[in-house]
Number of protein chains: 2
Amino acid sequence: MCAALTQPDLTELAGIMTEVSYPAGKIVFDEGEPADALYNITGGAAKLYKLMPDGRRQVTGFLLQGDLLGLAQNGRHSCSAEAIGQMRACRDVHGRFDALVERFPDLRRRLHHDAVDELVEAQNHMLLLGRKTAVERVVSFLLRLSHRQLRHGFTAQPVRLPMTRADIADYLGRTTETVSRTITKLKTQGVIRLRPESEVELVDAIRLSALAGGEA
Amino acid sequence: MCAALTQPDLTELAGIMTEVSYPAGKIVFDEGEPADALYNITGGAAKLYKLMPDGRRQVTGFLLQGDLLGLAQNGRHSCSAEAIGQMRACRDVHGRFDALVERFPDLRRRLHHDAVDELVEAQNHMLLLGRKTAVERVVSFLLRLSHRQLRHGFTAQPVRLPMTRADIADYLGRTTETVSRTITKLKTQGVIRLRPESEVELVDAIRLSALAGGEA
DNA sequence: CGGATATTTGACGAATCTCAATAGGCGTGG
DNA sequence: CCACGCCTATTGAGATTCGTCAAATATCCG
């Protein structure tokens, strides 16, 4: 987050942020709660999701190291957030952040830029959820994670999957069974390979690109 | 858009914006094009959508009077935009807008606020696309349009549908046939009524709320 | 009034979901 | 170090929703 700020700003920011840690499965906040803090993930991962009254769930995104958590509208969280694996983050203390944004316009620029990025991602995901087949969904997901690893300075291979099949299924809008069957099919076709510790090897990137329905 | 600005800003803005008009079906811009302008819709409507190479389409949103059109990432449009009905808009002339944003921080605030609103809408729509049944999708859609009419200062009833069934279907992630059948079913159950000029009457708001899967 | 377009309806098939059972991983304690 | 138990993942069989293809209406506009 601090990349958008200059030195004196950073000093002030340091006094406002606190290092926090959440165990796997810990709920960071729930949809509808007042949004009184902003988090900058420094380790582990988290998922954002929405629930229906009967329990159906849609995961709207996964957040990895470096992502901002806590973007809100009208001071209320629009999604719930839960830690995946051990999650660490920088958190600002109650209520201070708004004031800081007022003082440092560059911070607003950063927040705006991030919001637009998230929006573009959301649009791509709407295309996936509304129009793609099960195979296209799973392959698109793997390719996106691979690209994301690259952007964050890691290798494109192997793709790490810190989340469960149920999380993936609720992200892709299919059931865990369908996701599992689809992964098996891709494995059988030889375009991916499963490795220990929930890692996936992308064997045939070209064929995968085609299987994704022509995109990322 | 001008609500966020003070008087001297407005004067400068007036010199930069031009009134433009598009006939129904006219493509305002395509995904991937350089984003060199920002539009403020003053009449008619538009749809945003993404296409897959084989022609499958996902409508990511409908824009009505007062909405901003042209939010972009890295200077490229992330969706295509097409006019629905006769569309009018205020458009800034090439390249000037960025400079204006730099000069007037309040404008960035407005853009950021709008982006966050769109993001929240996108999250709700992901839940719809990923987890709702055909009936829930259609009813949610009608209720959202009704609320939107209220927010924009119109009556909640009857709901106006300026877009085609194909547009609705591509927005809801189902086929036109499924949308049509679903509407017929709702009509038969007596919870909605179709009127001339693509207007829909919401007869039983309480039952509709339940049919939407418990939400807006 | 008439052609074109949009919408509705019907019959059938396919993709996916549901329910149920089996297999695999991983951590803990003996 | 290995066995047990729990949780996750995989696999199977049948049910269901929705999509596809095709045809019949309805609606819009000139």
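Lettering of chains follows the sequences in order, A, B, ..., and the numbering in each one begins at 1.
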Inset, instruction - With a 4.0 angstrom cut-off to heavy atoms of chain B, pull out the first and last contacting nucleotide of DNA chain C, in 5'-to-3' order. - result: C:dT7 to C:dA11
Inset, instruction - Look at the rings of B:His77 and B:Phe29 and say which category their plane angle falls in: under 30° parallel, 30 to 60° tilted, over 60° perpendicular. - result: parallel
Inset, instruction - Kindly state which residues belonging to residues 161-177 of chain A come within less than 4.0 angstrom of DNA chain C, counting heavy atoms of the residue only, listed by number. - result: A:Gly173, A:Arg174, A:Thr175, A:Glu177
Check: [Y] main-chain N/O paired with [X] side-chain donor or acceptor under 3.5 Å:
{"X": "A:Glu118", "Y": "B:Val116", "answer": "no"}
{"X": "B:His152", "Y": "B:Gln65", "answer": "yes"}
{"X": "B:Thr182", "Y": "B:Val135", "answer": "no"}
{"X": "A:His125", "Y": "A:Gly61", "answer": "no"}
{"X": "A:Lys50", "Y": "A:Ser78", "answer": "yes"}

Could you check how far [atom1] of [X] sits from [atom2] of [N], rounded to whole Å?
{"X": "B:Arg181", "N": "D:dA22", "atom1": "CZ", "atom2": "P", "answer": "15 Å"}
{"X": "A:Lys185", "N": "D:dG12", "atom1": "NZ", "atom2": "P", "answer": "14 Å"}
{"X": "A:Arg131", "N": "D:dG19", "atom1": "CZ", "atom2": "C1'", "answer": "10 Å"}
{"X": "B:Lys187", "N": "D:dA26", "atom1": "NZ", "atom2": "C1'", "answer": "11 Å"}

Legend entry - DNA chain C: 5'-proximal contact among A:Ala134 and A:Glu197 (nearest heavy atom): A:Ala134
Inset, instruction - Under the ring-ring contact (aromatic ring centres under 6.0 Å, His included) rule, collect the residues that match up with A:Tyr49, sequence neighbours excluded. - result: none
Inset, instruction - Quick one: list whatever passes ring-ring contact (aromatic ring centres under 6.0 Å, His included) with B:Tyr22, sequence neighbours left out. - result: none
Inset, instruction - Output all residues satisfying salt bridge (Lys or Arg N to Asp or Glu O under 4.0 Å) with B:Arg76, sequence neighbours left out; order by chain, then residue number. - result: none
Inset, instruction - Pick base, sugar-phosphate or nothing for A:Ser180, based on heavy-atom distances below 4.0 Å to the nucleic acid. - result: base
Legend entry - Relative orientation of the end axes in the helix from C:dC1-D:dG30 to C:dG30-D:dC1, expressed as an angle to the nearest 10° (five pairs per end): 50°
Inset, instruction - Run the numbers on A:Glu136 and A:Leu128 for side chain to side chain contact (heavy atoms under 4.5 Å, CB included), then give the verdict. - result: CA-CA 8 Å; A:Glu136 288 167 344; A:Leu128 180 150; over 6 Å; no
Inset, instruction - Kindly indicate whether the side chain of A:Arg56, heavy atoms from C-beta on, has any atom under 4.5 Å from the side chain of B:Leu127. - result: no
